[in-house]
Amino acid sequence: MKRQKSFINDQPTLYLVATPIGNLEDMTFRAVKILGEVDHIYCEDTRVSGKLISHFNIEHGSLRNYHDHNKEMKSKEILELLRANKNIALISDAGYPLISDPGYYLIREVIKEGYNVVSIPGASALLNALVVSGITPHPFLFYGFLDQKETKREKELASFKDYKETLIFYESPHRINKTMNSILKVMGERKVVIARELTKKFEEILRGTTSSMQDITDIKGEMVIILEGNNDVYTPTMSIEDELTLLISEGLTSKEAIKKVAKLRNLPKNDVYQTYHQNKEKE
Ligand code: SAM
């Protein structure tokens, strides 16, 4: 076990700084302060982050890029800087670095070498969408982007068809209708919310069901999909033996009870049959 006491050691730090997801007023005082203090800022796109930095008149060290295609080379460079006692900030184009954005490779390497990794909180598209959705906020499962290919996307969706958790996806405007078609096809009728252009002038929250959200026209901008979990999933509240006894006491034959329990619990009938007979022998 390793313990990082973030603010009471003299190790250099990699700061993960969240930036606004559209509304610049969501930049925090602390984010501005840290970006002004670090020796180097790494970002996805120097043009995008350059604008943010000049908007807040942040006097900063160098602004360098870090993205998925140069992550190995840049991680080595960043580790060299940390070894030289420099503090670094990582930002993405919007929201949190690492969340459907680059950075995970880097922080694993930095943690391995024992330097501090500190998060500076701020705007998050997934949390903003979740709290306004009106769908149970937790437990939730954040998935990020589904695959662009229909078969792969539907396979991904099928893998959490039975999850009770609220599901969160990121999506782009030109794929939203295809994704909503796949969601209806695989997940069936459920509550769903599309939250688009969050924090911006044209913010819009579309609340409905999977069937009512098909082939929507005029839907532009960045968006998050919040999908209700599967409420029909059966959760056993007693042992198989007790459930069989209960069903039989309610009038089912042993054969019917075995068939029902196997179906409810998604078990082979033979397994339930064996449990039934083992229990009978004990009696
Ligand atoms: N790192 C970001 C975060 O913490 O939310 C996410 C970056 S990811 C590359 C971009 C996706 O995030 C968009 O396609 C969209 O799904 C979502 N997103 C970002 N900003 C948004 C906004 N203002 N409104 C709705 N969704 C947004």
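For reference, positions follow the sequence shown, starting with 1.
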Can you give me every donor-acceptor pair (side chain of residues 130-137, partner residue at least two apart or in another chain, under 3.5 Å) with its distance?
unit_1	atom_1	unit_2	atom_2	d
Ser133	OG	Leu130	O	2.8
Ser133	OG	Ile135	N	3.0

Below 3.5 Å, can you tabulate the donor-acceptor pairs from side chains in residues 27-42 to any protein atom, sequence neighbours excluded?
unit_1	atom_1	unit_2	atom_2	d
Thr28	OG1	Ala31	N	2.9
Lys33	NZ	Glu37	OE2	3.4
Asp39	OD2	Asn87	N	2.7
His40	ND1	Ser62	OG	2.5
Tyr42	OH	Arg64	NH1	3.1
Tyr42	OH	Glu77	OE2	2.4

Item checked: side chain to side chain contact (heavy atoms under 4.5 Å, CB included) assessment of Val48 paired with Cys43 -> CA-CA 9 Å; Val48 175; Cys43 63; over 6 Å; no
Item checked: Residues clustered with Leu146, ILVMFWY side-chain links under 4.5 angstrom ->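 Grouped by the 4.5 Å side-chain rule, Leu141, Tyr143, Leu157, Phe160, Tyr163, Leu167, Phe169, Ile176, Met180, Ile183, Val186, Met187, Val192, Ile194, Leu206, Met213, Ile216, Ile219, Met223, Ile225, Leu227 form the rest of the cluster around Leu146.
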Check: Using a side-chain heavy atom cutoff under 4.5 Å and only I, L, V, M, F, W and Y, what cluster partners does Leu246 have?
Finding: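 Besides Leu246, the cluster holds Met238.
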To check you understand the geometry: which heavy-atom pair defines the closest contact between [X] and [Y], and what is its length?
X	Y	result
Glu204	Arg196	OE1-NE, 2.7 Å
Ser211	Leu184	N-CD1, 3.8 Å
Gly103	Tyr66	N-CE2, 3.6 Å
Tyr96	Gly122	OH-N, 3.2 Å
Ser6	Gln4	OG-NE2, 2.9 Å
Pro121	Ala18	C-CB, 3.9 Å

Next item on the list: Please report the C-alpha distance between Asn177 and Gln214 in whole Å, then the side-chain angles of each, then the deciding distance to 0.1 Å, and finally whether the side-chain hydrogen bond (donor to acceptor under 3.5 Å, both in side chains) criterion is met.
Entry: CA-CA 6 Å; Asn177 280 318; Gln214 298 297 302; over 6 Å; no
Roughly how far, to the nearest 0.5 Å, is [atom2] of [Y] from [atom1] of [X]?
X	Y	atom1	atom2	answer
Thr275	Ile258	OG1	CD1	9.0 Å
His55	Leu24	NE2	CG	4.5 Å
Ile248	Ser254	CD1	OG	5.5 Å
Lys269	Lys260	NZ	NZ	15.0 Å
Leu127	Phe140	CG	CZ	5.5 Å

Check whether any side-chain N or O of [X] sits under 3.5 Å from a backbone N or O of [Y] as a donor-acceptor pair, and report yes or no.
X	Y	answer
Asp271	Leu267	no
Thr210	Arg190	yes
Ser212	Gly208	no
Ser49	Thr46	no

Kindly work out whether a path of hydrophobic side-chain contacts (I/L/V/M/F/W/Y, heavy atoms less than 4.5 Å apart) joins [X] to [Y].
X	Y	answer
Leu63	Leu90	no
Ile58	Leu52	yes
Ile111	Ile120	no
Leu252	Ile240	yes
Val118	Ile107	no

Are more than 12 heavy atoms from other residues, nucleotides or ligands located less than 6.0 Å from atom [atom1] of [X]?
X	atom1	result
Lys191	NZ	no
Gln148	CD	no
Glu59	CD	no

Kindly indicate whether the side chain of [X], heavy atoms from C-beta on, has any atom under 4.5 Å from the side chain of [Y].
X	Y	result
Arg265	Pro236	yes
Asp45	Asn65	no
Ile53	Phe56	no
Glu44	Asp101	yes
Ile88	Leu82	yes

Item checked: Ser182: side-chain hydrogen bond (donor to acceptor under 3.5 Å, both in side chains) partners, not counting sequence neighbours ->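 Ser182: side-chain hydrogen bond (donor to acceptor under 3.5 Å, both in side chains) contacts with Arg153, Glu154.
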Notebook entry, point to check: If you look only at pairs with a residue in residues 264-283, which of them pass as a ring-ring contact (aromatic ring centres under 6.0 Å, His included), with sequence neighbours excluded?
Noted result: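 Every pair satisfying ring-ring contact (aromatic ring centres under 6.0 Å, His included) with a residue in residues 264-283: Tyr273-His277.
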Note to self: With ring-ring contact (aromatic ring centres under 6.0 Å, His included) as the rule and sequence neighbours excluded, what pairs involving residues 170-228 come up?
What the structure shows: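 Listed once each, the pairs are Phe142-Tyr170, Phe145-Tyr170.
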Next item on the list: Using the side-chain hydrogen bond (donor to acceptor under 3.5 Å, both in side chains) rule, collect all pairs that involve residues 11-22, keeping only residues at least two apart or in two chains.
Entry: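 For residues 11-22, and leaving out neighbouring residues, the side-chain hydrogen bond (donor to acceptor under 3.5 Å, both in side chains) pairs sorted by first residue read Thr13-Asn116.
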Next item on the list: Before accepting this row, confirm whether a basic side-chain N of the pair Lys86/Glu80 lies closer than 4.0 Å to the acidic partner's carboxylate O.
Entry: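 Salt bridge between Lys86 and Glu80, a charged N being under 4.0 Å from a carboxylate O: no.
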Item checked: Charged N-O contact under 4.0 Å between Lys185 and Glu150 ->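 Looking at Glu150 together with Lys185, the answer is yes, because their closest N to O distance falls below 4.0 Å.
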Can you pull the salt bridge (Lys or Arg N to Asp or Glu O under 4.0 Å) pairs that have at least one residue in [range], sequence neighbours excluded?
range	value
residues 214-226	Lys200-Glu222
residues 109-121	Arg83-Glu113, Glu109-Lys112
residues 155-172	Glu171-Arg175

Check: Who passes side-chain contact (heavy atoms from CB on, under 4.5 Å) against Thr199, sequence neighbours left out?
Finding: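 Listed in chain order: Ile21, Asn23, Asp26, Asn128.
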Checklist line | CA sep, side-chain torsions, deciding dist, call: Ser75, Tyr105, side chain to side chain contact (heavy atoms under 4.5 Å, CB included) | finding: CA-CA 8 Å; Ser75 295; Tyr105 179 87; 3.3 Å; yes
